[in-house]
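No hydrogens, no waters, no symmetry mates; every other heavy atom, side chains included, goes into these values. Everything quoted here is computed from the prediction, not taken from an experiment. In the text below, chain A, chain B and the rest are named by the order of the sequence lines, each starting its count at 1.
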2 protein chains.
Amino acid sequence: MQLRLLRYFTTLAREGHFARAAEACGVTQPTLSAGIAALEEQFGHRLVLRERRYIGLSPEGQAMLPWAQQLIAVYDGMAHAMEAIDGPIQGEFRLGVIPAAMPATGYLARALLAGHPASTLSVRSLTSREIERGLVAFDLDAGLTYLDHEPPADMLAAPLYAERYIFLARAGGDFDGRTSIGWAEAAGSDLCLLHPGMQNRRILDTRLAERGLAIRPRATADSYVALLAMVQAGGFATIMPDSYLALLPGMSWARILPFDDPAPASRIGVIVPNRHPIGPLAAAALAVARAVALPDGFRI
Amino acid sequence: MQLRLLRYFTTLAREGHFARAAEACGVTQPTLSAGIAALEEQFGHRLVLRERRYIGLSPEGQAMLPWAQQLIAVYDGMAHAMEAIDGPIQGEFRLGVIPAAMPATGYLARALLAGHPASTLSVRSLTSREIERGLVAFDLDAGLTYLDHEPPADMLAAPLYAERYIFLARAGGDFDGRTSIGWAEAAGSDLCLLHPGMQNRRILDTRLAERGLAIRPRATADSYVALLAMVQAGGFATIMPDSYLALLPGMSWARILPFDDPAPASRIGVIVPNRHPIGPLAAAALAVARAVALPDGFRI
DNA sequence: TCCTCTCGATAGACGGGCCCTATCATGTCG
DNA sequence: CGACATGATAGGGCCCGTCTATCGAGAGGA
């Protein structure tokens with residue numbers, strides 16, 4: 001009957017340690033132990049396996065965990081909704097962002113925090129799948145990700161901008177003086193790209209497959225910064241979204257070539273879980289995304 | 001922090017009366033009054049308007065109510081899930097059924113209760129919109145309704161059977177000896193039909209509009225029993241789903257005519273809200289609907 | 001082998017909060 | 001004007017959650 005015990009439970013599941021979980025909950029370790037014991041007594045199942053130390057959750061505990069997380073999230077949503085009645089939105093926006101969209105985070109963050117001065121923002125770089133998982137598991141309030149590719153179900157969306165691919169090579173190489181490039185030539189270059197499992201890479205592979213091209217990168221990474229560093233160091237070119245150009249206008253070492261046959265632009269925007277009722281944080285994120293105007297370099 | 005207070009709150013909102021709500025919660029009236037006061041103290045808002053008697057919910061209370069209902073529903077879902085671990089599903093299935101599907105309730109109920117002997121079933125006759133509202137508001141566990149017309153969002157579905165329209169007139173009239181009827185002739189008869197707002201009526205109107213026909217019933221009702229009674233009394237014919245024929249095989253007073261140009265069959269099935277995690281009652285309802293075999297007269 | 005550290009359980013005391021019964025205050029209706 | 005209905009208030013009892021202090025079993029190292 002008490003959410004407090006469920007908070008103990010979820011915290012313990014996250015921390016994997018009684019004393020640390022107790023500290024995170026602001027109580028002493030015996031209190032947390034008693035709370036877990038009370039939960040187990042109440043539901044008639046051993047929830048936490050332990051023998052002189054924390055082992056893990058029992059199957060029953062694993063079955064219970066998502067319910068407990070949802071209960072806590074709904075309670076927090078209610079508390080936020082009540083706080084938001086008389087005054088600005090308080091609390092922390094938890095925003096999950098795919099790496100390709102990270103350059104747009106600044107404008108979204110500025111608008112979000114300007115519109116809601118009493119709130120704070122926590123940005124986490126995640127894959128699109130992790131964002132979806134975090135949203136349904138109540139670990140995130142909103143996501144910044146692709147809207148059209150593998151769209152998650154049961155989401156409300158607000159488009160922010162659209163990205164196109166560009167070809168990026170080191171200045172002083174074969175591409176000086178060029179004004180555009182074809183897909184086949186790009187695919188034949190020595191490329192460094194994202195890992196095949198990442199969504200942006202999957203989209204790129206799809207784009208190439210539509211043209212009958214396959215790609216064999218010489219190097220892969222999970223970070224655009226790594227790709228930029230490899231291109232800068234020389235020996236590689238890459239294909240990446242143009243959104244990073246808005247972030248890095250002064251890359252004199254770079255040759256940036258658009259494709260002469262541009263692929264369809266990919267819309268990127270904010271998504272929030274479509275729940276009833278919708279929480280004030282999600283509603284605010286959506287409203288801000290619909291109102292914010294991104295500068296040139298981000299085009300819709 | 002305590003779900004108990006939220007239970008007081010939602011019960012009070014439903015009952016509109018402090019003493020009755022207290023009795024429904026199994027506590028005394030002062031306890032419930034103190035609970036409401038504690039909630040208002042905790043959230044800093046007057047939730048219940050009252051001046052010597054219950055008036056209603058304040059705007060803040062109305063905003064809070066769906067959150068409280070969701071919290072209670074999620075808690076109940078968790079409790080059910082934990083109970084369902086070791087043993088049969090307990091508790092009450094709350095099933096909303098549209099009138100057109102009511103004849104199929106018996107077989108679904110039998111299968112549901114046979115598969116889950118420790119559970120009980122509560123059937124409520126509702127419109128399709130009320131079912132959808134009840135499912136998202138956690139007042140229902142499952143619905144039995146149309147799957148293809150105006151399908152509600154975020155639902156999991158399991159088809160049960162498909163219905164077709166038949167024409168029903170009193171024996172001894174102009175339709176004796178006929179084996180089928182056309183839509184135009186039927187539309188020109190003296191008809192009694194459901195009220196225009198009901199979904200089955202809207203579907204029928206759509207079917208007729210597809211054939212360029214409009215309909216002007218002489219009488220309308222909100223109950224198929226009323227339609228049957230009016231046909232039996234004489235002076236009216238009606239158009240209704242064939243599922244009622246399975247329920248009433250001995251209607252010697254009736255002439256039942258299929259349409260010579262049958263409309264597409266309408267699938268009827270069980271829907272449950274698509275939530276994460278899904279509760280054991282919803283899962284069981286869906287599983288039973290997928291496993292149950294309906295007798296002849298209900299055809300898929 | 002033994003000492004020490006870690007980790008969770010247990011004991012006992014304290015305090016708060018929840019619920020009860022009893023009663024009051026006020027509005028309504030006959 | 002009196003009886004009833006309705007919700008608030010007062011006071012007492014008890015349960016339950018939290019704390020500090022301590023125990024007991026393993027793990028790891030000298």
Got a sec, which residues hit ring pair (Phe, Tyr, Trp, His ring centres under 6.0 Å) with B:Tyr224, two or more places apart in sequence or on another chain? B:Tyr244

Can you pull out every side-chain hydrogen bond (donor to acceptor under 3.5 Å, both in side chains) where at least one residue sits in residues 132-143 of chain B? Sequence neighbours excluded, please. B:Arg94-B:Asp141

Not counting sequence neighbours, which residues clear ring pair (Phe, Tyr, Trp, His ring centres under 6.0 Å) with A:Tyr146? List them please. A:His149

Run the ring pair (Phe, Tyr, Trp, His ring centres under 6.0 Å) test against A:Tyr8 and tell me which residues pass, sequence neighbours left out. none

Measure the distance from CG on A:Leu32 to P on D:dT18 and round it to the nearest whole Å. 9 Å

Between side-chain atoms of residues 115-123 of chain A and protein atoms elsewhere (two or more places apart, or another chain), which donor-acceptor pairs fall under 3.5 Å?
unit_1: A:Ser119; atom_1: OG; unit_2: A:His116; atom_2: O; d: 2.7

Other residues, nucleotides and ligands only: do more than 12 of their heavy atoms fall within 6.0 Å of CD on A:Glu23? no

Separation of C:dT10 atom C1' from A:Ile36 atom CD1, nearest Å, is 17 Å

A correct 5'-to-3' footprint of nucleotides 11-22 of chain C, with B, S and - meaning base, sugar-phosphate only and no protein heavy atom under 4.0 Å, is -------SSBBB

Salt-bridge contact B:Arg201-B:Asp222 (side-chain N to carboxylate O under 4.0 Å): no

Excluding sequence neighbours, so at least two apart, what forms side-chain hydrogen bond (donor to acceptor under 3.5 Å, both in side chains) with B:Ser125? none

I'd like a list of close polar pairs between nucleotides 3-6 of chain D and the protein, N/O only, cut-off under 3.5 Å.
unit_1: D:dT6; atom_1: OP1; unit_2: B:His17; atom_2: NE2; d: 3.4
unit_1: D:dT6; atom_1: OP2; unit_2: B:His17; atom_2: NE2; d: 3.4
unit_1: D:dT6; atom_1: O5'; unit_2: B:His17; atom_2: NE2; d: 3.3

Stem list, DNA chain D (Watson-Crick or G-U pairing under 3.5 Å, at least 3 consecutive pairs): C:1-30 with D:1-30

Report the distance from atom CZ of B:Arg46 to atom P of D:dG7, rounded to the nearest whole Å. 12 Å

What integer distance in Å separates B:Glu15:CD from D:dG7:P? 12 Å

Taking atom P of D:dC16 as reference, at what distance in whole Å does atom CD of A:Gln42 sit? 12 Å

List in chain and number order the residues that pass side-chain hydrogen bond (donor to acceptor under 3.5 Å, both in side chains) with B:Arg290, two or more places apart in sequence or in another chain; answer none if no residue qualifies. none

Determine: side-chain N/O of A:Ser33 to OP1/OP2 of C:dA9, distance under 4.0 Å, yes or no. yes

Contacts of A:Arg275 that satisfy salt bridge (Lys or Arg N to Asp or Glu O under 4.0 Å) - sequence neighbours left out: none

What integer distance in Å separates A:Glu23:CD from D:dT18:P? 16 Å

Between atom CD in A:Glu41 and atom P in C:dT10, what is the gap in whole Å? 13 Å

Check salt bridge (Lys or Arg N to Asp or Glu O under 4.0 Å) between B:Arg124 and all other residues, then give those that pass, not counting sequence neighbours. none

